[in-house]
Amino acid sequence: MFPFLERIRSLNWTRGKKLALISLILFCYLLVGAAVFEALEANNEAAQAEEYRSLIAQLVSASSLNETEVMNITSSLQRLQAVANAANGIENWAFAPSFFFALTVVTTIGYGQISPVTAGGQAFCCVYALIGIPITGVVLVKIADILKDRFNSLRDRLQKRLPDNFKFSDIMAPLIISLLGVFLFLFIPAVVFRAIEGWTYGESLYYAFITLSTIGFGDFVAGQESNTLRGLYKVLLMVWIFVGLAFLTLLLEVVNDMITKTAEATKSRLKSSDSTPADGESPRDAKVPLDDLDEDRRAPTDTSETV
């Protein structure tokens, strides 16, 4: 399944050399990512910067303030952007939004659209995350185990109804789980976000992936608008996040099992090929394990056989 990784695994290298090779691969991957992001985003950033400077110039010309004063005002507005909802009657630190914030902390999503600003809040957030993240990890693993048992049960029932010559392979199971997870936790929620949040489908799909991967940039955050069903929407949103993260944990576990089984099968094939005589080599020329030779030497000789 992953011949390159299996090749690295089979190398007779020290742990440090293997770590250096994997680190080099990661560094090259980061270089590629940096080049692609620069190509895609740099021009747009330059255009937005020019628009920002033009807006500052318009504000200067339309008021009695100089450019420095206008820049100070815009900087203050950017700093106070997190409390804009509170100024409009939507509290960020009421109990329900605080509960949602706590969920983003222990799941390491951390959108960043709001964050503690008091010294006490920042200190508590650090301690809270230090304790809550491991607990959340344990809960997600337990939920993933339950989901795995349900999937295995469903797979066994389907296997009984299928022809005898058809069996679910070690590759097919992760593939089915992946497709099912993408459909349930990305494609369908993206439709809901598009209808409720007013985003495009691409933006909704982007938000769903960034959230469940726990990247959590915070450029798109669901449930920020004020409406009568905002509380229920937030609850459903939290359920989606938690179950989606558990499903992602299940997927990682299944993929890990698949890689482990592939590695074990590869090692078994390598061992069997080493013990098989090469082309043109007679069986008696093939290498026999020393243990087998010892057994032959220890075997008693039957002297009762007549000529």
Side-chain angles (χ1 to χ4, degrees), residues 81-86 88-117 121-122 124-148 150-151 177-178 180-201 203-253:
Q81 184 178 5
V83 298
N85 286 339
N88 294 326
I90 305 174
E91 296 181 1
N92 289 323
W93 293 108
F95 183 80
S98 298
F99 188 89
F100 183 77
F101 172 79
L103 177 67
T104 64
V105 170
V106 297
T107 55
T108 70
I109 294 175
Y111 286 123
Q113 88 283 9
I114 60 171
S115 58
V117 294
Q122 293 171 349
F124 176 76
C125 184
C126 294
V127 177
Y128 186 78
L130 190 63
I131 299 174
I133 291 174
I135 296 175
T136 304
V138 172
V139 174
L140 291 177
V141 169
K142 295 300 182 182
I143 296 177
D145 290 340
I146 295 175
L147 293 176
K148 185 178 181 180
R150 296 292 184 270
F151 176 79
I177 292 179
S178 301
L180 183 63
V182 167
F183 184 74
L184 290 177
F185 296 102
L186 292 180
F187 289 157
I188 292 180
V191 175
V192 177
F193 295 141
R194 181 187 179 187
I196 296 178
E197 301 292 342
W199 302 331
T200 65
Y201 186 77
E203 292 171 341
S204 302
L205 193 61
Y206 164 80
Y207 164 75
F209 177 80
I210 292 299
T211 296
L212 294 186
S213 61
T214 69
I215 297 174
F217 288 126
D219 47 353
F220 290 91
V221 181
Q224 299 301 299
E225 298 296 329
S226 177
N227 54 66
T228 56
L229 298 177
R230 183 169 181 257
L232 177 61
Y233 180 51
K234 281 278 192 179
V235 171
L236 296 177
L237 192 62
M238 287 185 283
V239 172
W240 166 72
I241 290 175
F242 215 81
V243 179
L245 289 176
F247 202 95
L248 180 62
T249 304
L250 167 64
L251 179 60
L252 294 176
E253 181 179 347

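Below, each value reflects all heavy atoms present in this structure, side chains not excepted, and no hydrogens, waters or symmetry copies. It should be emphasised that the depicted structure is a prediction, and the values quoted were computed from it without experimental measurement.
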(message) For the CG atom of Leu212 and the OH atom of Tyr207, what is their distance to the nearest 0.5 Å?
(response) 8.5 Å
(message) Give me the atom names and distance for the closest heavy-atom approach of Thr107 to Thr214.
(response) O-CG2, 3.5 Å
(request) Please report the shortest heavy-atom distance between Arg194 and Thr200, naming the atom on each side. (result) CG-C, 4.3 Å
(message) What's the separation between atom CG in Leu250 and atom CG in Leu245, rounded to the nearest 0.5 Å?
(response) 12.5 Å
(request) Could you pull out the closest heavy-atom pair between Ser178 and Leu251, with the gap in Å? (result) OG-CD1, 3.1 Å
(request) Under the side chain to side chain contact (heavy atoms under 4.5 Å, CB included) rule, what do Ile143 and Phe247 come out as? Steps first, then yes or no, please. (result) CA-CA 8 Å; Ile143 296 177; Phe247 202 95; over 6 Å; no
(request) Could you label the plane-to-plane angle of the Phe101 and Trp93 rings as parallel, tilted or perpendicular, counting under 30° as parallel and over 60° as perpendicular? (result) perpendicular
(request) Quick one: pull up CD1 in Ile188 and CZ in Phe183 and give me the separation to the nearest 0.5 Å. (result) 4.0 Å
(message) Quick one, Trp240 with Val192, criterion side chain to side chain contact (heavy atoms under 4.5 Å, CB included). Give me CA distance, side-chain angles, the key distance, then yes/no.
(response) CA-CA 12 Å; Trp240 166 72; Val192 177; over 6 Å; no
(request) Test Thr211 against Ile109 for side chain to side chain contact (heavy atoms under 4.5 Å, CB included), laying out the working first. (result) CA-CA 6 Å; Thr211 296; Ile109 294 175; 3.9 Å; yes
(request) Could I get the full list of ring-ring contact (aromatic ring centres under 6.0 Å, His included) partners for Tyr201, not counting sequence neighbours? (result) none
(request) Could you give me the CA-CA distance, side-chain angles and deciding distance for Phe220 and Ile210, then say whether side chain to side chain contact (heavy atoms under 4.5 Å, CB included) is met? (result) CA-CA 9 Å; Phe220 290 91; Ile210 292 299; over 6 Å; no
(message) As an exercise, state the distance from CG of Asp145 to NZ of Lys148, rounded to the nearest 0.5 Å.
(response) 7.0 Å
(request) Would you name the heavy atoms of Ala190 and Ser204 that are closest together and state the gap between them? (result) O-CB, 3.2 Å
(request) Working to the nearest 0.5 Å, report the span between CD1 of Ile135 and CG of Leu130. (result) 10.0 Å
(request) Classify the ring geometry between Phe217 and Tyr206 as parallel (under 30°), tilted (30 to 60°) or perpendicular (over 60°). (result) parallel
(request) Just say parallel, tilted or perpendicular for the rings of Tyr233 and Phe193, cut-offs at 30° and 60°. (result) perpendicular
(message) Rounded to the nearest 0.5 Å, what separates atom CD1 in Ile241 from atom CG in Leu236?
(response) 11.5 Å
(message) Show the nearest heavy-atom pair for residues Cys125 and Pro116, with the distance to one decimal.
(response) CB-CG, 4.1 Å
